[in-house]
There are 2 protein chains.
Amino acid sequence: MEVPERRRDAGRTRQRLLDAARGRFAADGFSSTTVRQVADEAGVDVALIKRYFGSKEGLFEACLAAAVDDLRAPADDGAEHADLAARLAHHALGAGVSGAASGQALMLLLRSSGDEAVDDLRRRVLGEHSERLARRLAPGGGDGAAVSPVELLTAQVALAAVVGVAVLRSSPGLEPLRAAEPAQLAALLRRLLDTPES
Amino acid sequence: MEVPERRRDAGRTRQRLLDAARGRFAADGFSSTTVRQVADEAGVDVALIKRYFGSKEGLFEACLAAAVDDLRAPADDGAEHADLAARLAHHALGAGVSGAASGQALMLLLRSSGDEAVDDLRRRVLGEHSERLARRLAPGGGDGAAVSPVELLTAQVALAAVVGVAVLRSSPGLEPLRAAEPAQLAALLRRLLDTPES
DNA sequence: CGGTCAAGTCATCGACCGTTGACTTCAGTC
DNA sequence: GACTGAAGTCAACGGTCGATGACTTGACCG
């Protein structure tokens, strides 16, 4: 299974560009990131971005698609976290499927490239997640019936809390929030998921 | 008290630039905003930005200073909102002192210009707010003693929730979260401010 | 070994950005 | 009504960005 370490490997350089771009886009945003920075960090030439992704926006969309896959991936923790809050915290705040840093996929999802299609994708993903969360919040536990407006709003506030934690952990690096473990954050966020009225 | 509507008024154009810039910076971020956009939206010439604010960064810092003043301003609601959650929600998510849109000051605080001094200011403001919130969370209600780590973390998670609500309301426009009233959000966020352990 | 095509390099283009200084116009003063 | 300084206008600058196409180098196959 040992790869012979080819000096020219399209898939490898493509992945390097993807990794470098994802970090830059998540940390600095779309417009602050330059394709030359990404290419330098990946150790390849700038022109290869056009070859493999068409344009800077194409590169961003590829990063976003990977992040969406990370976020949509079923919690492989499985039965490890029986609690809904623990699963939410680990899924959104813990390390992603790939070697992404904590909360990187979530930060990437919040970044805007100015493209309307990208904004629609973001809206769709956030809407799906909030609805799924609301369904699990319902007493029945996710039967076919539509969720009530208050349940949906509750789920969105809980989702907002996770988003806010990711934001405050990344750019301002607020301590001790940044160093807190997902389990500890889950314990604090759990109260948001209780039913508002008995 | 009728202002004679001078055609040349330095203070007026300065305020117009400030208003236009604050909206653009809060909505699109620092690097996505161009000084020509701001000048056009304000109806003045681009060169006046240099005259009144020195540079684009100076304009951003002036906007940020105004936002920090908004956030640091004592809740003029006074005794109107006896509840801590209601005060937090109204203060951060309601309309600002000036005619700023909902959560605009908070969004502006999260934006980065790449300047390290600005990042330090953001860290300081967020740290102050979380500490103040933690002090009010303490059973004693804000005596001189230092807050416990768990109280500080609880306050920061609550602050993160408010930040996340502001983020999801602004760029993705997640419904029904976007249209929710501060009082309704306060009712949902209140559970985060309870003491974790009895 | 030579052919062939993908992978990677290089220089450069046009556009846009922030910035700047010289110029023009208006308001207040004597 | 001329003087003066502030307020506003204009054109242009250097620099950087994303994009592009011609060129070179390498790997694989017969």
Side-chain angles (χ1 to χ4, degrees), chain A residues 2-25 27-64 111-118, chain B residues 2-25 27-64 111-118:
Chain A
E2 190 58 34
V3 181
E5 182 72 26
R6 274 182 300 173
R7 301 205 8 231
R8 291 195 166 192
D9 190 331
R12 210 168 101 108
T13 51
R14 199 187 129 98
Q15 191 60 42
R16 283 195 180 196
L17 281 173
L18 221 42
D19 291 341
R22 192 160 49 170
R24 280 288 180 181
F25 282 144
D28 303 336
F30 179 79
S31 51
S32 291
T33 300
T34 72
V35 291
R36 295 175 217 267
Q37 281 179 357
V38 173
D40 285 353
E41 193 172 321
V44 302
D45 193 89
V46 202
L48 295 181
I49 290 180
K50 174 202 163 79
R51 180 189 290 276
Y52 292 131
F53 302 98
S55 66
K56 183 189 183 185
E57 273 218 9
L59 176 61
F60 180 74
E61 290 173 15
C63 292
L64 195 60
R111 300 300 189 179
S112 179
S113 71
D115 188 356
E116 202 161 332
V118 170
Chain B
E2 190 60 33
V3 180
E5 183 72 25
R6 275 182 300 173
R7 306 215 352 241
R8 291 195 168 194
D9 190 330
R12 209 167 99 109
T13 50
R14 199 187 129 98
Q15 192 60 43
R16 283 196 179 194
L17 281 173
L18 222 42
D19 291 341
R22 193 160 48 170
R24 280 288 181 180
F25 282 145
D28 302 336
F30 180 78
S31 51
S32 291
T33 300
T34 72
V35 291
R36 295 175 215 266
Q37 281 180 357
V38 172
D40 285 353
E41 193 172 322
V44 302
D45 193 89
V46 201
L48 295 181
I49 290 180
K50 174 203 162 78
R51 181 189 292 275
Y52 293 131
F53 302 97
S55 65
K56 182 189 182 184
E57 274 218 10
L59 176 60
F60 179 74
E61 289 174 16
C63 292
L64 195 59
R111 300 299 189 181
S112 178
S113 70
D115 188 356
E116 204 160 331
V118 169

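Computed over heavy atoms, backbone and side chain alike; hydrogens, waters and symmetry mates excluded. Each chain gets a letter, A, B and so on, in the order the sequences are listed, and its residues count up from 1.
- Considering only heavy atoms from C-beta on, A/Y52 comes within 4.5 Å of A/T13 through its side chain.
- A straight line from CG of A/L48 to P of C/dC10 spans 11 Å, rounded to a whole angstrom.
- Applying the 3.5 Å distance criterion, the base of D/dT16 shares no donor-acceptor pair with the side chain of A/R36.
- Pairing each heavy atom of A/L59 with each of A/L17, the nearest pair is CD1-O, 4.4 Å.
- The CZ atom of B/F53 sits 15 Å away from the C1' atom of D/dG8 (whole-angstrom rounding).
- Comparing C/dT9, C/dA7, D/dA7 against the side chain of B/Y52 picks out D/dA7 as the nearest.
- Minimum atom distance to the side chain of B/T34 is reached by C/dG18, of the listed C/dT9, C/dG18, D/dA7.
- A side-chain donor-acceptor contact under 3.5 Å links A/K56 to the backbone of A/F30.
- For B/E57 and C/dG18, the CD to P distance is 12 Å, given to the nearest whole Å.
- Phosphate proximity of D/dA7 to B/T13: absent, as no side-chain N or O sits under 4.0 Å from OP1 or OP2.
- Nearest nucleotide to the B/A47 side chain, out of D/dC10, D/dG8, C/dC10: D/dC10.
- The phosphate of C/dT20 has OP1 or OP2 within less than 4.0 Å of a side-chain N or O from B/K50.
- One can place CD of A/E61 at 15 Å from C1' of D/dG18, the figure rounded to the nearest angstrom.
- Atom CG of B/L17 and atom P of D/dG8 are 9 Å apart (whole Å).
- Residue A/S32 is out of contact with every strand shown, counting any heavy-atom pair closer than 4.0 Å.
- Minimum atom distance to the side chain of A/S55 is reached by D/dA19, of the listed D/dG18, D/dA19, C/dA7.
- Rounded to the nearest 0.5 Å, atoms CZ (B/F53) and CG (B/L18) are 4.5 Å apart.
- Atom pair A/D40:CG and C/dG8:C1' shows a separation of 15 Å (rounding to whole Å applied).
- Residue-level contact check: A/K56 touches the backbone only, with heavy atoms under 4.0 Å from sugar-phosphate atoms and none from bases.
- Note on B/V46: a base of the nucleic acid sits closer than 4.0 angstrom, heavy atoms only.
- The residue B/S31 sits apart from the nucleic acid: no heavy atom pair falls under 4.0 Å.
- Between A/F30 and A/R51, the residue whose closest nucleotide on DNA chain D is further toward the 5' end is A/F30.
- In this structure, A/D45 places its CG atom 14 Å from P of D/dG18, rounding to the nearest Å.
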Inset, instruction - Test B/F25 against B/R111 for side-chain contact (heavy atoms from CB on, under 4.5 Å), laying out the working first. - result: CA-CA 8 Å; B/F25 282 145; B/R111 300 299 189 181; 5.6 Å; no

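- Ionic pairing of B/D19 and B/R22 is present here: one or more N-O contacts between side-chain nitrogen and carboxylate oxygen are shorter than 4.0 angstrom.
- In this structure, CZ of A/R12 is placed 15 Å from C1' of D/dG26, rounded to the nearest angstrom.
- Nearest to the side chain of B/R8, among C/dT20, C/dA7, C/dC26, sits C/dC26.
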